[in-house]
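All remarks here apply to the structure that follows.
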Amino acid sequence: MGERRNINGLILIAVFAIPMGLMAFLYLFTEQVHDRVPYEYDIVENGDTLFHELPVFQLVNLDGDTLGRDDLLPYVTIIDFFSLEKDSLNVRTVLHGNLERTYRNIEWDRQPKPPIRFISISTGDSPEALKAYASKREEVDVDNWWILRGSPEEVYKLGAYTFQLMDFSRKTAQSEPFTAQQVALVDREGKVRKYYVGTDLIEERKIQEDLINLFKQDYPGVWDIRREVAGE
């Protein structure tokens with residue numbers, strides 16, 4: 001009788017222990033894959049994704065000139081938001097440092113000039129700090145890569161529309177400057193076409209590929225992108 005109880009106990013332990021051990025093994029020794037929660041978007045004719053159009057806004061460049069939505073419309077733009085005051089090292093080495101790989105792969109000396117602009121919007125730096133930062137970026141032409149600033153209300157409103165993130169909509173004039181590790185690709189009609197989380201090598205590669213595909217699909221003949229990958 002005692003032996004039967006022992007056997008039943010071993011069977012019961014095996015029934016529970018083996019599945020639990022297998023689950024623990026799979027969790028600890030296999031790569032976990034987490035799908036991103038998809039954003040809502042509309043499907044457009046060319047199969048690309050379209051979030052929304054940029055809102056009307058007014059910002060100021062390094063020369064003190066006022067620029068708005070209409071000034072961006074002739075160009076395909078890559079937009080990011082940053083703060084030197086709170087995140088200088090990360091901005092220089094990660095956000096802008098990685099985006100510069102895409103920038104360098106564009107043939108800026110072509111004629112006509114490529115209708116592409118990089119737009120970096122400060123969330124609270126002084127004009128002097130922004131000019132000093134721009135002067136140290138030897139490989140970047142300020143005519144191609146615009147650094148803009150504006151009132152906190154205007155900047156955060158634009159960020160909320162561009163990225164559709166609650167972090168922006170919660171910001172007020174009293175909020176501290178911050179760097180958003182997100183980048184948006186906007187077509188020359190002011191429509192946000194793609195959205196990227198960070199600028200690591202994978203995301204930066206996506207930006208290059210999407211930029212090329214955007215020209216091929218939507219703007220045939222406007223500009224023939226010859227150098228599609230780094231080094232070619």
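Predicted, not measured: the structure shown is a model, and the values here were computed from it. Atom set for the values below is all heavy atoms of this structure, side chains included, hydrogens, waters and symmetry mates excluded.
Between the NZ atom of Lys131 and the NZ atom of Lys136 there is a distance of 15.5 Å, given to the nearest 0.5 Å. Rounding to the nearest 0.5 angstrom, the gap separating the CG atom in Asn61 from the CG atom in Asp63 is 5.0 Å. One finds the OG1 atom of Thr123 at 10.5 Å from the CG atom of Asp80 (value rounded to the nearest 0.5 Å). To the nearest 0.5 Å, the span separating CD1 on Ile119 from OH on Tyr75 amounts to 9.0 Å. From Ile202, atom CD1 reaches atom CD of Glu204 across 11.0 Å, with rounding to the nearest 0.5 Å. Residue Arg193 holds its CZ atom at 5.0 Å from CG of Asp187, rounded to the nearest 0.5 Å.
Looking at Glu203 and Lys206, a side-chain N of the basic residue comes within less than 4.0 Å of a carboxylate O on the acidic one, giving a salt bridge. Look at Glu100 and Arg104 and you find a salt bridge, because one of the NZ, NE, NH1 or NH2 atoms lies within 4.0 Å of a carboxylate O, short of that distance.
The residue from Arg92, Glu85, Lys86 that alone fulfils the side chain to side chain donor-acceptor pair (under 3.5 Å) condition with Ser88 is Arg92. Checking each of Leu67, Val155, Thr66 against Leu59 for a side-chain contact (heavy atoms from CB on, under 4.5 Å) leaves exactly one that passes, namely Val155. For the side-chain contact (heavy atoms from CB on, under 4.5 Å) with Lys194, the lone residue among Leu185, Ile78, Val183, Val186 that qualifies is Leu185.
In this structure, the side chains of Leu130 and Leu84 come closer than 4.5 Å at one or more pairs of heavy atoms. At least one side-chain heavy atom of Ile79 sits less than 4.5 Å from a side-chain heavy atom of Leu54. A heavy-atom distance below 4.5 Å is found between the side chains of Leu158 and Pro55. Between Phe215 and Val76 there is a side-chain heavy-atom pair separated by less than 4.5 Å. No side-chain heavy atom of Thr77 sits less than 4.5 Å from a side-chain heavy atom of Trp146. The shortest distance between side-chain heavy atoms of His96 and Ser120 falls below 4.5 Å. Residues Leu201 and Asn98 have side chains not in contact (no heavy-atom distance under 4.5 Å, counting atoms from C-beta outward). Arg149 places a side-chain heavy atom less than 4.5 Å from the side chain of Pro127.
Using the six-membered ring where Trp is involved, Phe163 and Phe168 have ring planes that are tilted, between 30° and 60° apart. A tilted orientation is assigned to the rings of Tyr156 and Phe178, their planes being inclined by 30° to 60°. The aromatic rings of Tyr103 and Phe118 lie perpendicular to each other, with more than 60° between the two planes, well past the 30° mark.
No continuous path of hydrophobic side-chain contacts links Trp145 to Leu73 [ILVMFWY only; heavy atoms under 4.5 Å].
Lys157 approaches Val56 most closely through the heavy-atom pair NZ-O, 3.8 Å. Closest heavy-atom contact between Gly124 and Pro177: CA-CG, 4.0 Å. Shortest non-hydrogen contact noted between Gln208 and Thr102 is CG-OG1, 3.3 Å. Listed here is the closest heavy atom pair of Ser169 and Ala160: N-CB, 4.0 Å. Listed here is the closest heavy atom pair of Asp87 and Gln181: OD2-NE2, 4.4 Å.
Side-chain contact of Asp125 with Tyr133: a donor-acceptor pair under 3.5 Å is absent, judged by distance alone.
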